[in-house]
Amino acid sequence: MNFFEQQDKARSKTSRLVIMFLTGILVLGIIAFVAVYMGYILFIGGGYNVEEEAISVALLFSLVFVVILLLATWFKISQLRRGGGPQVAKELGGILLEEGNLEKIETVSQHKIKVLMNINKEMALASGVPVPNLYLIEDEGVNAFAAGYTPLNSVIGVTSGAVNALNREELQGVIAHEYSHILNGDVKINLRFAGILFGLTVIYYIGSFLLRIMGSGTRRRSSKKQGGGVGGLLVIIAIAFFIIGLIGRLFANIIGSLVSKQREFLADASAVQFTRNPNGIANALNKIRSGFGSEVTSASSSKFSHMFFGIPAKSSGFSALFGTHPPLTDRIKRIDPTFDFF
């Protein structure tokens, strides 16, 4: 396998996909405009100036929609950028591995923790990246993640399941994979995706909240006259927020999954480059495939699923199509086409 060629291809595809994602924001704005325009014409409009009114309302709504999306995204990205990797690790319940608190950890032996810390320093030397802080996520699934905005505020988190289940060679492959995400700037893009997903989720929940309010208000009204006009317009806007929020989330998942999948292949290839050993990461992936799993029980894991080494939740048909990670067998075959699955 030509790993440098693999990296060049993945970077090229990722650039195109990021452009697609930015284009998607514009597409969602257009969908918002059309939805409100049609809703106004069908349910509210009346009189000679109905089309002009509909255009004005639709433009205003589209502007509000885009502003909310951008503000929510900016807020979350700014929050994550200020906190860097440590904030992500804390949201996931991570424990900082440093000399003063190693004795508090009961799920992993002191020997295994020191092996992990030594591997961390080795991979920093191999990749040329400043040594990031290590966090332990006390979970039985075999998983890890890298998070941060720059190499200087990035961290690597590893589950206790990974430290306990993997041998030194396999753990080295996993850590090397995470170093690739730091070296190639994936951590910055991943934080931006987390912000974008947050923004789209806000749109969805605003619509859901408005619909509940509109439903309660409608039940209290005693006449059709009271329920028309502004009330009807607000219902249309609430429905538009809700539906466009759903479309936005789906669209973001699709584009995000394509970007993430390519970056996972790139990080796997880089891990072999750093360790000079394809067996380590291939066997680690196969352990996840063959029964150890990669689930992370933290409530925040879904927000950062694209940052993990493996999928931190149970797989489904939907995640296979629009998930953030390629199938394990595909990743292993990319690393070693002759791999003997057991």
Side-chain angles (χ1 to χ4, degrees), residues 17-40 54-92 147-150 153-154 185-214 230-231 233-260 299-307 322 324:
L17 291 169
V18 169
I19 293 172
M20 288 173 58
F21 186 88
L22 295 175
T23 303
I25 295 177
L26 176 61
V27 172
L28 288 176
I30 294 172
I31 293 173
F33 175 86
V34 173
V36 174
Y37 176 83
M38 294 301 296
Y40 192 93
I55 290 174
S56 298
V57 171
L59 282 174
L60 179 60
F61 173 81
S62 300
L63 178 62
V64 171
F65 171 81
V66 171
V67 167
I68 291 175
L69 172 62
L70 293 176
L71 285 177
T73 303
W74 171 81
F75 169 79
K76 191 62 177 179
I77 290 175
S78 298
Q79 183 187 46
L80 292 172
R81 181 167 53 187
R82 286 194 302 271
Q87 178 169 332
V88 176
K90 289 173 183 176
E91 288 190 35
L92 290 166
Y149 199 77
T150 67
N153 70 6
S154 292
D186 297 347
V187 287
K188 179 185 290 188
I189 291 177
N190 284 339
L191 283 185
R192 287 173 176 168
F193 270 116
I196 290 168
L197 290 172
F198 175 79
L200 293 173
T201 302
V202 165
I203 292 293
Y204 168 79
Y205 283 110
I206 287 175
S208 179
F209 176 72
L210 288 175
L211 282 176
R212 286 196 300 271
I213 292 178
M214 294 299 103
V230 175
L233 178 60
L234 289 176
V235 170
I236 291 173
I237 291 175
I239 293 173
F241 264 93
F242 182 79
I243 294 176
I244 296 169
L246 284 175
I247 296 172
R249 289 173 69 185
L250 176 62
F251 188 82
N253 285 338
I254 293 172
I255 300 300
S257 73
L258 292 174
V259 172
S260 297
S300 298
S301 63
S302 61
K303 295 189 295 185
F304 304 115
S305 61
H306 54 290
M307 298 184 184
F322 305 124
T324 53

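These numbers were taken from a predicted model, which means no experiment stands behind them.
For Lys303, the salt bridge (Lys or Arg N to Asp or Glu O under 4.0 Å) test picks out Glu91, with sequence neighbours left out. For Asn190, the side chain to side chain donor-acceptor pair (under 3.5 Å) test picks out no residue, with sequence neighbours left out.
Rounded to the nearest 0.5 Å, atoms CG (Leu191) and CG (Asp186) are 11.0 Å apart.
When all heavy atoms of Leu80 and Ala194 are compared, the pair lying nearest together is CD1-CB, 3.8 Å.
No side-chain heavy atom of Asn153 sits under 4.5 Å from any side-chain heavy atom of Arg81.
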Using atom types as modelled, flag every donor-acceptor pair under 3.5 Å from a side chain in residues 57-78 to any protein atom, sequence neighbours excluded.
from: Ser62; atom 1: OG; to: Phe33; atom 2: N; distance (Å): 3.1
from: Ser62; atom 1: OG; to: Ala58; atom 2: O; distance (Å): 2.9
from: Thr73; atom 1: OG1; to: Leu69; atom 2: O; distance (Å): 2.6
from: Trp74; atom 1: NE1; to: Ser78; atom 2: OG; distance (Å): 3.4
from: Lys76; atom 1: NZ; to: Gln79; atom 2: OE1; distance (Å): 3.1
from: Ser78; atom 1: OG; to: Trp74; atom 2: O; distance (Å): 2.7

